Amino acid sequence: MSDASLSADALEAGTIYRLFSGAIAPRPIAWVATVDAEGRANLAPFSFFNVASVNPPVLAFSPLLNGEGKAKDTLHNLDEVGECVIHVGSEALAEALNATSASLHRGEDEFDHAGLTKAPMGELRVPRIAESPIAFGCRLREVIRFGDSPLAGNLVLAEVVAVHAEPEVWDGRHVDIETLRPVGRMAGSDYSRTTDLFALERPA
């Protein structure tokens, strides 16, 4: 049996990205709305996403710098206005979600680009997606930056201060997964559905 162990230092960033995105899957998708200091909205999906804490309620997602080491609009907007609204990517809105991953010029509105409607999110300046059944309004706690090299991550810790949940999806205790139908991210252009589930009882 050959030794398949490698030093991470010997791998290029692009190789590690493909390894991570292919092996660490499926990944939930944070569909993140922000605004800049002028109030212009931005909307972008991030599949490096999960729960960081329940008490206090904190969500975590990580926008990577692009291939030139430049930050995405989401990070710039969080630096200017420390708020965001995080939606769960769902099958019904998958085409619109994919459309908002386009590289638009700074200040262009991805809501308009994807044909989505803005709705207010409590007292936050950032709007939510009206068509999305679940949204978490957040204030920024911290951004942990891992450098300025291409594909360096920026771990955003966002504390949830407001929740929007349609009653057909959440009854106050349980989420109806068949109604929400979240999608996950795989490698390349592939996504996954949550239609093939199995259960295991957790041991005592």
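Not measured: the values here are computed from a predicted model. All values below were derived from every heavy atom in this structure, side-chain atoms included, with hydrogens, water molecules and symmetry-related copies excluded.
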For [X], which residues count as a side-chain contact (heavy atoms from CB on, under 4.5 Å) partner, sequence neighbours excluded?
{"X": "P167", "result": "none"}
{"X": "L140", "result": "L78, V143, V156"}
{"X": "P133", "result": "E166, V169, L180"}
{"X": "A71", "result": "L65, L75, H76"}

Which residues end up grouped with [X] if you chain together Ile, Leu, Val, Met, Phe, Trp and Tyr wherever their side-chain heavy atoms are less than 4.5 Å apart?
{"X": "L200", "answer": "F198"}
{"X": "V81", "answer": "V35, V85, M121, L124, V126, V161"}
{"X": "L19", "answer": "none"}

Quick one: does [X]'s side chain have a donor or acceptor within less than 3.5 Å of a partner on [Y]'s backbone?
{"X": "S149", "Y": "A152", "value": "no"}
{"X": "R185", "Y": "D190", "value": "yes"}
{"X": "S21", "Y": "Y17", "value": "yes"}

Any Lys/Arg nitrogen of R145 or D79 sitting under 4.0 Å from an Asp/Glu carboxylate oxygen of the other?
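Counted as a salt bridge, because a side-chain N and a carboxylate O are separated by less than 4.0 Å.
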
Any carboxylate oxygen within less than 4.0 angstrom of a Lys/Arg side-chain nitrogen, looking at E80 and R106?
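Here E80 pairs with R106 in a salt bridge, since their nearest N and O are under 4.0 Å apart.
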
Ignoring hydrogens, what is the shortest heavy-atom contact between [X] and [Y]? Give both atom names and the distance.
{"X": "P150", "Y": "A13", "result": "O-CB, 4.3 Å"}
{"X": "A102", "Y": "H113", "result": "CB-NE2, 4.0 Å"}
{"X": "L155", "Y": "A60", "result": "CD1-CB, 4.0 Å"}

About how many Å separate [atom2] of [Y] and [atom1] of [X], when rounded to the nearest 0.5 Å?
{"X": "K72", "Y": "S101", "atom1": "NZ", "atom2": "OG", "result": "8.5 Å"}
{"X": "F136", "Y": "I86", "atom1": "CZ", "atom2": "CD1", "result": "8.5 Å"}
{"X": "D36", "Y": "N77", "atom1": "CG", "atom2": "CG", "result": "5.0 Å"}
{"X": "R128", "Y": "T117", "atom1": "CZ", "atom2": "OG1", "result": "10.0 Å"}
{"X": "N42", "Y": "D73", "atom1": "CG", "atom2": "CG", "result": "5.0 Å"}

Tell me, yes or no, whether the heavy-atom count around [X] atom [atom1], taken from other residues, nucleotides or ligands under 6.0 Å, exceeds 12.
{"X": "Y191", "atom1": "OH", "result": "yes"}
{"X": "F146", "atom1": "CZ", "result": "yes"}
{"X": "D171", "atom1": "CG", "result": "yes"}

Applying a strict under-4.5 Å side-chain criterion to I, L, V, M, F, W and Y, I'd like to know whether [X] and [Y] cluster together.
{"X": "I16", "Y": "I24", "value": "yes"}
{"X": "V51", "Y": "V175", "value": "yes"}
{"X": "F48", "Y": "L151", "value": "yes"}

For E159, enumerate each residue passing the side chain to side chain donor-acceptor pair (under 3.5 Å) test, keeping only those at least two apart in sequence or located in another chain.
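Counting only residues at least two positions away or on another chain, E159 forms a side chain to side chain donor-acceptor pair (under 3.5 Å) with R141.
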
Non-neighbouring partners of D109 that pass salt bridge (charged side-chain N to carboxylate O under 4.0 Å, His left out), sequence neighbours left out
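Checked D109 against salt bridge (charged side-chain N to carboxylate O under 4.0 Å, His left out); matches are K118.
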
Using the salt bridge (charged side-chain N to carboxylate O under 4.0 Å, His left out) criterion, which residues pair with E178? Sequence neighbours excluded.
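Here no residue qualifies.
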
Quick one: do D176 and E168 satisfy side chain to side chain contact (heavy atoms under 4.5 Å, CB included)? Show the steps, please.
CA-CA 7 Å; D176 186 334; E168 63 268 21; over 6 Å; no

Any side-chain heavy atom of [X] sitting closer than 4.5 Å to one from [Y]?
{"X": "F46", "Y": "L64", "value": "no"}
{"X": "S47", "Y": "F61", "value": "no"}
{"X": "L59", "Y": "F49", "value": "yes"}
{"X": "C84", "Y": "T74", "value": "no"}
{"X": "S192", "Y": "V183", "value": "no"}

Do any side-chain atoms of residues 88-98 form donor-acceptor pairs under 3.5 angstrom with protein atoms, and if so which ones, sequence neighbours left out?
| residue | atom | partner | partner atom | Å |
| --- | --- | --- | --- | --- |
| E91 | OE1 | R181 | NE | 3.4 |
| E91 | OE1 | R181 | NH2 | 3.3 |
| E91 | OE2 | R181 | NH2 | 3.1 |
| E91 | OE2 | R193 | NE | 2.7 |

H87 vs W31 aromatic rings, parallel, tilted or perpendicular, using cut-offs 30° and 60°?
perpendicular

Within the 3.5 Å criterion, strictly below it, is a donor on T34 or E83 matched to an acceptor on the partner's side chain?
no

Could you note down all residue pairs passing salt bridge (Lys or Arg N to Asp or Glu O under 4.0 Å) where residues 10-32 supplies at least one of them, sequence neighbours left out?
none

